[in-house]
Amino acid sequence: MIEVIVAERSSDEPTLKEELEIPTSFLSICASTARSHFNSGHYWFAESLARGLVAADQHHVGYRTLLVGCLSKMGHIGEAIALVDEGLKYRPELPDYVELREALVRMTFAQA
């Protein structure tokens, strides 16, 4: 099982959240709702919210891993790996991304 992790973003690139001044409290509510859908097995709903969260703040590890979790549950492993690879560009020092990528690759071989 792929675990959804939470961490703060870190990069000098401006995010849509910053440019549009989206309140953190709003994103937190959306993330909580997305996690609730994910935990209930409603991956399509969670995916939709998670895509919006990643669009708002592409550097946030928790948003990205939530979307990766949704995609992997729905069988979209290739897209999930691509999202992890993109995350590694923002946070190459984060071991969670490396472990997540390894787990997704193992899932790909298990499905073959």
Quiz item: If you round to the nearest 0.5 Å, how far is CG of Leu16 from CD1 of Ile22?
Solution: 5.0 Å

Practice problem: Could you pull out all residues at least two apart from Ser40 that satisfy side-chain hydrogen bond (donor to acceptor under 3.5 Å, both in side chains)? | Solution: none

Practice problem: Using modelled atom types only, decide if a donor and an acceptor are shared between the side chain of Ser72 and the backbone of Val68 within a distance under 3.5 Å. | Solution: yes

Self-check item: Heavy-atom closest contact (Lys89 atom, Pro92 atom, distance)
Solution: O-CD, 3.9 Å

Extract all donor-acceptor atom pairs below 3.5 Å that involve side chains of residues 45-52 and protein atoms in other chains or at least two apart in sequence.
from: Glu47; atom 1: OE2; to: Arg51; atom 2: NE; distance (Å): 2.9
from: Glu47; atom 1: OE2; to: Arg51; atom 2: NH2; distance (Å): 2.8
from: Arg51; atom 1: NH1; to: Glu79; atom 2: OE2; distance (Å): 3.1
from: Arg51; atom 1: NH2; to: Glu79; atom 2: OE1; distance (Å): 3.4
from: Arg51; atom 1: NH2; to: Glu79; atom 2: OE2; distance (Å): 2.6

Practice problem: For Ser25, check side chain to side chain contact (heavy atoms under 4.5 Å, CB included) against everything at least two apart and list the hits. | Solution: Pro23

Quiz item: Is any side-chain heavy atom of Thr65 closer than 4.5 Å to a side-chain heavy atom of Asp96?
Solution: no

Quiz prompt | Phe38 side chain reached by Lys73 side chain, heavy atoms, under 4.5 Å | solution = yes

Self-check item: Partner residues of Glu86 under the side-chain hydrogen bond (donor to acceptor under 3.5 Å, both in side chains) criterion, sequence neighbours left out
Solution: Arg64

Exercise. Supply the atom-to-atom distance Tyr63 OH to Arg35 CZ, rounded to the nearest 0.5 angstrom.
Key: 8.0 Å

Quiz prompt | Check ion pair Arg91-Glu93 (N to O, under 4.0 angstrom) | solution = yes

Exercise. Could I get the full list of side chain to side chain contact (heavy atoms under 4.5 Å, CB included) partners for Ile29, not counting sequence neighbours?
Key: Thr33

Quiz item: Roughly how far, to the nearest 0.5 Å, is CZ of Arg101 from CD1 of Ile81?
Solution: 5.5 Å

Quiz prompt | Pairwise distance CG(Leu71) to CG(Leu104) - rounded to 0.5 angstrom | solution = 9.5 Å

Self-check item: Euclidean distance, Leu83 CG relative to Leu66 CG, rounded to 0.5 Å
Solution: 11.0 Å

Exercise. Check Tyr97 against Gly87 and note the closest heavy-atom contact, atom names and distance.
Key: CE1-O, 3.3 Å

Self-check item: All ring pair (Phe, Tyr, Trp, His ring centres under 6.0 Å) counterparts of His76, not counting sequence neighbours
Solution: none

Exercise. Take Val61 and Tyr90 through the test side chain to side chain contact (heavy atoms under 4.5 Å, CB included) and record every step on the way to the result.
Key: CA-CA 9 Å; Val61 177; Tyr90 297 119; over 6 Å; no

Quiz prompt | Close side-chain approach of Leu53 and His60, heavy atoms under 4.5 Å | solution = no

